[in-house]
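Written below as structure tokens is the structure these notes are about.
Remember, it's a predicted structure, so these values are computed and weren't measured experimentally.
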Amino acid sequence: MNYLPYKPLEIEQKWQQKWKDNIFSHAVDFSDKEKKYILIEFPYPSGAGLHVGHVWGYTMADVISRFYRMNGKNVLFPIGWDAFGLPAENYAIKTGIHPRISTQENIGNFTNQLQRLGFSFDWSREVNTTDPDYYKWTQWIFLQFYKKGLAYQDEIPINWCPFCKTGLADEEVTSDNRHERCGNIVSKKKLRQWMLKITAYADRLIDDLSTVDYSDDIKNQQINWIGKSEGAYIRFGVQSNPADVIEVFTTRADTLPGVTFLVIAPEHPLALSLPTKEYIDAVKDYIDDSLDLSDIERTDVSKKKTGVFTGRYVVSPYDGSLVPVWVADYVLGNYGTGAVMGVPAHDDRDRVFAETYELPIVEVKDIGFDAITKMIEYLSEKGCGESTVVYKLRDWVFSRQRYWGEPIPIVHCPKCGVVPVPEEQLPIKLPEVDTYQPTDDGLSPLASIREWVEVPCPQCQTMAERETNTMPNWAGSSWYYLRYADSQNTNEFANFDKLSYFLPVDLYIGGAEHTTLHLLYSRFWHKFLFDLHLVPTPEPYAKRRNRGLILGPDGRKMSKSFGNVINPLDVIEQVGADTLRLYELFMGPFNGTFPWNYDSVRGVYRFLERVWKLTQDIVDSSVDQTERSVIIKLHQTIKKVGEDIGALKFNTAVAAMMEFLNVAEQHKKSISILDWSLFIRILAPFAPFISEEIWQVMHLSDSVGTIHILEWPKYDDSCINEDHVEIPVQINGKMRSTIIVSQEESMREDIVVSRANESEAIQRFLSGTNVKKVIFVPGRLINFVVTLE
RNA sequence: GCCGGAGUGGCGGAAUGGCAGACGCGUCGGACUUAAAAUCCGAUGGAUUCAAAACCCGUGAGAGUUCGAGUCUCUCCUCCGGCACCA
């Protein structure tokens, strides 16, 4: 016959237009239906446009959302823009184009691309972190942190380029500690910063992981990141001046008798005041040198251990012996107390240090868990120490010296000090500036807008100054999933009842790179809001899975510099969005890593084209009855695809549909339109465009309604099982033959055994042996355990 | 070094402890075509064999548990991801 050709671009363009303001993808507040909240990490709308990695994650979430809708659920599947960030600001520095303008353009571009892919987002709930109506609430939440004492200021070293005179983000610093733009060595500069006290939630962030369904690798990574370790503080008095005390942290208090030296970090408060006259110059030089080193260099394992003696001794609280104090950069200032006791016999790093400087090594006999307990008891009695818990997790540096972020709603008053902006004055909007370059002394570009900075103090009306730091771009993404529940609310960040209906998120899909930052930060914010009774659940995400990584065709990570980036739009131009969606799902399992393969894209295109053609055969022959073998395969496929979607096994779901097509093509003259339409329905969540076209245009149904609100087909159990099954026959566990029996017969041992014995091949293998045992797995297999006669 | 994850055909991958290699790609052969592309049909883990049947070997290596191991246990190797002088 003459087939109507499959023209994906025409079909997709048509439906894309019609779906623009579809409402079947809108979630309903307080519906009687069961809700399902499917969340994807909202994108940063970069100038480069959508990435194939986005497409993969979003397609999986879209399939699930469509599947749940067809199963009668009220699905919330929202989208928004994480639009503050460094690239837009750097672009503005380079071109002078306001970040708001370029961001708006990029959002328009992303929107088109997402719609082109047929994602069934609820566009009525779109959020944008740079919208003052949105960041008003980001600022508001900050004020709540401030009021509870969880937002505070501290002097924190930042990356500083002395040549450009700007502060730098970590990602602007190359691995050899240079500014990526100008190539100059980056140093550290201490600046006043706002901090959020995430450490106050460290225990709960660990403990509550047991209440959520995150994959084990995610849980482990978060636990290791928080890095809880139990140990003890031990205090050593300085010999020359017992008022000075050096406190160390150790997890091995039992090794205290083996202490032969003490090491303090170059950043330690006593590092400059402790040394004797004789040693002070050497110590100063050493500290200057080590502070020039980057963290990466300091913590490089291959680096030689260096240090310098202070000329001072402390007194061991264990036996009163004198212990020399050294300064060395292998001890970090920001972990524990910035000081450690050197026990070279029981710690590798201490041993290397001791060997380098020829310090004594003393072994401790009585070590272990009990010894630790005894030692801590002994120390607490003497008042020289106590048990404690420390964390690797540090408080969150929450300010940036940047323009393109949420202004921190604080006023600094010469009389009143730090004054929070009254809530009714929110949002504090970003002012227009002439230049986006940070100032020479490392302040945000906002600092030079005097008419914005100078405001009367909200408390005493004295002229005061606004905080000019902005928030990091993790701020807006820490609570966006809450806003989706009630995105238009002007009185509160979201209505509690609506939150109670939609929360928690049932499935959160995103990239592994956000496991320890965004995911942890947003859990922290959520718990804080929970404590204020503003959100209904202690955890935001009931289930989290990280998607894997798509590599370039050359097997390397996609990167501009390798020239191996696949642009999803190019793929769509060639084969259409349905093929792109299906291909990415088919590539491999949810969290795997695989290279792009053009030829395999072709294979998926062929599949859709064959579906298209076969539809015409089936409509053309218009039979009422479907061949039994096709019915069986159809119902097996409905079952398999439904189960696979629930288990996030999209690759095998697609494979199952391909298998069905292979069977169906063998019997194309004996498939009813009705049965075929069931197959098109299960294809619909995966390939929404071609399914809709087949449904509405190719007369599979009299209905003109969209296929995407139809019920997911039910499979018939009586159609799942084949009439006859092939049972493998094993001898001593080795497959020797198979027999074919009916479904009922396959469940009966006596019949299967006698049929097996009838088989020629089996008789040959059994001759000359004694059957010692028969293992029978009903419906599955028979195994004769034999010995030679 | 530590913590995760993974090693299966030429490639991506599939397999509740039960017929290893589903599905797709590629390759080979054939049909159609003046020809090519596209499409369709068939074959496709390896060894052995003129060929077929049959048999043998095969899931990183080695042991173990089991009637039976890609799957479970132990030891080792390799790769990927994350963290790392964290006391």
Side-chain angles (χ1 to χ4, degrees), chain A residues 3 215-221 223-225 227 229 231-232 248-253 255 263 265 295-296 298-305 328-332 334-343 346-350 352-353 390-394 512-513 515-516 546 548-549 551 555 557 582-583 586-589 591-604 606-607 609-610 613 640 649 651-662 665 726-738 761 764 772-777 779-786:
Chain A
Y3 291 105
S215 50
D216 287 343
D217 57 320
I218 299 176
K219 286 189 183 182
N220 284 329
Q221 261 191 66
I223 289 168
N224 290 341
W225 184 265
S229 71
V248 304
F249 172 76
T250 177
T251 54
R252 295 293 306 276
T255 63
V263 186
D295 282 355
I296 292 163
R298 250 176 88 172
T299 58
D300 185 351
V301 190
S302 60
K303 177 180 164 292
K304 268 195 181 165
K305 291 227 172 356
D329 63 7
Y330 81 92
V331 172
L332 299 179
N334 50 19
Y335 181 77
T337 59
V340 301
M341 55 184 205
V343 188
H346 299 277
D347 183 283
D348 289 342
R349 289 150 302 165
D350 294 347
V352 173
F353 190 76
V390 300
Y391 303 89
K392 278 197 241 179
L393 183 70
R394 297 166 203 164
E513 68 275 17
T515 301
T516 47
N546 288 344
L549 190 66
L551 304 173
K557 206 169 170 174
L582 217 52
Y583 167 67
F586 185 58
M587 288 182 92
N591 57 355
T593 304
F594 358 77
W596 189 267
N597 184 323
Y598 292 105
D599 291 329
S600 295
V601 175
R602 198 68 220 161
V604 171
R606 276 203 277 265
F607 166 70
E609 198 175 31
R610 282 161 61 206
K613 280 188 183 171
K640 168 85 174 149
K649 293 167 70 172
N651 53 333
T652 51
V654 175
M657 291 188 284
M658 288 173 167
E659 277 185 61
F660 171 74
L661 181 69
N662 290 341
E665 277 182 339
E726 196 180 21
I727 301 286
V729 182
Q730 296 183 341
I731 289 167
N732 286 345
K734 285 200 169 188
M735 218 280 289
R736 290 305 184 186
S737 182
T738 60
R764 195 150 39 78
K772 282 179 66 185
K773 197 157 117 185
V774 177
I775 310 270
F776 176 66
V777 185
R780 293 305 299 259
L781 140 157
I782 180 103
N783 183 17
F784 295 99
V785 183
V786 303

| task | Whole angstrom is fine here: how far is it from CZ in A/F776 over to C1' in B/G68? | result | 16 Å
| Which pair of non-hydrogen atoms, one from A/A265 and one from A/V331, has the smallest distance, and what is that distance? | CB-O, 3.3 Å
| remark: Checking N1-N3 plus N6-O4 or O6-N4 for Watson-Crick, or N1-O2 and O6-N3 for wobble, each under 3.5 Å, the partner of B/A20 is none
| message | Nearest to the side chain of A/K649, heavy atoms from C-beta on, is which of B/A15, B/G12, B/C83? | response | B/A15
| said: Counting only Watson-Crick pairs (N1-N3 plus N6-O4 or O6-N4) and G-U wobbles (N1-O2, O6-N3), all under 3.5 Å, who is the partner of B/A14? | reply: none
| query | Applying a 3.5 Å limit to both distances, which nucleotide forms a Watson-Crick or G-U wobble pair with B/C50? | reply | none
| query | Hey, does A/V785 reach any base, or is it just sugar-phosphate, or nothing, if we go heavy atoms under 4.0 Å? | reply | sugar-phosphate
| Euclidean distance for C1', B/U27 against B/U75 (whole angstrom) | 40 Å
| query | On a whole-Å scale, what distance lies between the C1' atoms belonging to B/C85 and B/C23? | reply | 50 Å
| query | Hey, is the side chain of A/K734 poking within less than 4.0 Å of OP1 or OP2 on B/C57, counting only N and O atoms? | reply | yes
| request: Mind calculating the distance between CD1 (A/I731) and P (B/C55) to the nearest angstrom? | output: 10 Å
| query | Is the closest side-chain heavy-atom distance between A/F586 and A/M658 below 4.5 Å? | reply | yes
| message | If you compare all heavy atoms of A/V248 against all heavy atoms of A/T337, which two are closest, and at what distance to 0.1 Å? | response | CA-OG1, 3.3 Å
| P-based separation of B/A61 from B/G26 [nearest Å] | 30 Å
| query | Any side-chain heavy-atom pair from A/N662 and A/R610 closer than 4.5 angstrom? | reply | yes
| task | Identify the heavy atoms of A/F249 and A/V390 that sit nearest to each other, and give their distance. | result | CZ-CG2, 3.2 Å
| note | Comparing A/K773 with A/A512, nearest RNA chain B nucleotide closer to 5' gives the residue A/K773
| task | Could you check which nucleotide pairs with B/U66 in any of the strands shown, counting Watson-Crick or G-U wobble with both distances under 3.5 Å? | result | none
| Identity of whatever pairs with B/G42 - Watson-Crick or G-U, under 3.5 angstrom | B/C28
| said: Mind checking if A/T515 touches a base, just sugar-phosphate, or nothing, with heavy atoms under 4.0 Å? | reply: nothing
| field | Atom-to-atom span, NZ of A/K613 to P of B/A38 - whole angstrom | value | 13 Å
| query | In whole angstrom, what separates A/I218's CD1 from B/G5's C1'? | reply | 12 Å
| A/V263 side chain reached by A/V340 side chain, heavy atoms, under 4.5 Å | yes
| task | Go through the side-chain N and O atoms of A/T516 and A/Q221 and say whether any donor and acceptor fall under 3.5 Å apart. | result | no
| field | Interatomic distance at P, B/U71 relative to B/G62, whole Å | value | 13 Å
| remark: Scanning all shown strands, the Watson-Crick or wobble mate of B/U34 with both distances under 3.5 Å is none
| Interatomic distance, A/M587 CE vs B/C11 P [rounded to whole Å] | 16 Å
| task | Using the C1' atom as the reference point in each nucleotide, state the distance between B/G13 and B/C74 in Å, no decimals. | result | 29 Å
| task | Figure out the CG/P separation between A/L551 and B/G12, and round it to whole Å. | result | 11 Å
| query | OP1 or OP2 of B/C86 less than 4.0 angstrom from a side-chain nitrogen or oxygen of A/K392, does that happen here? | reply | no
| Rounded distance in Å between the C1' positions of B/G46 and B/G9 | 9 Å
| remark: Here the pair of heavy atoms bringing A/Y583 nearest to A/P595 is OH-O, 4.1 Å
| said: In terms of relative ring orientation, are A/Y330 and A/F353 parallel, tilted or perpendicular, with 30° and 60° separating the classes? | reply: tilted
| message | Is B/G24 syn or anti, taking syn as a glycosidic angle within 90° of 0? | response | anti
Would you tabulate the pairs of protein nitrogen or oxygen atoms and nucleotide nitrogen or oxygen atoms of nucleotides 22-29 of chain B closer than 3.5 angstrom?
unit_1, atom_1, unit_2, atom_2, d
B/A22, O2', A/E659, OE2, 3.0
B/G24, OP1, A/N662, ND2, 3.3
B/C25, OP1, A/R606, NE, 3.1
B/C25, OP1, A/R606, NH2, 2.9
B/G26, OP2, A/R606, NH2, 3.3

| field | Partner nucleotide of B/C79 by Watson-Crick or wobble geometry (both distances under 3.5 Å) | value | B/G5
| remark: Correct closest heavy-atom pair for A/N546 and A/T515 would be ND2-OG1, 3.1 Å
Kindly give the atom pairs (protein nitrogen or oxygen, nucleotide nitrogen or oxygen) under 3.5 Å for nucleotides 17-20 of chain B.
unit_1, atom_1, unit_2, atom_2, d
B/G18, N2, A/Q730, OE1, 2.9
B/G18, N2, A/N783, ND2, 3.4

| note | Rounded to whole Å, the CZ-P distance (A/F594 to B/G12) equals 11 Å
| request: List the atom of A/K613, the atom of A/Y3, and the distance in Å for their closest heavy-atom pair. | output: O-CE2, 3.4 Å
| message | I want to verify a distance call: between B/A15, B/A87, B/C56, whose nearest atom is closest to the A/T251 side chain? | response | B/A87
| query | Which is true for A/P595 with a 4.0 Å heavy-atom rule: it touches a base, it touches only sugar-phosphate, or it touches nothing? | reply | nothing
| remark: On RNA chain B, more 5' by nearest nucleotide between A/G338 and A/K640 is A/K640
| message | Say we look at B/A43 and B/G24: how far apart would their P atoms be, to the nearest angstrom? | response | 13 Å
| remark: Separation of B/G4 atom C1' from A/I223 atom CD1, nearest Å, is 12 Å
| query | Could you state the interatomic distance from CD1 (A/I731) to CD1 (A/I782), rounded to the nearest 0.5 Å? | reply | 10.5 Å
| Mind checking the C1' distance from B/G45 to B/C11? Whole angstroms is fine. | 13 Å
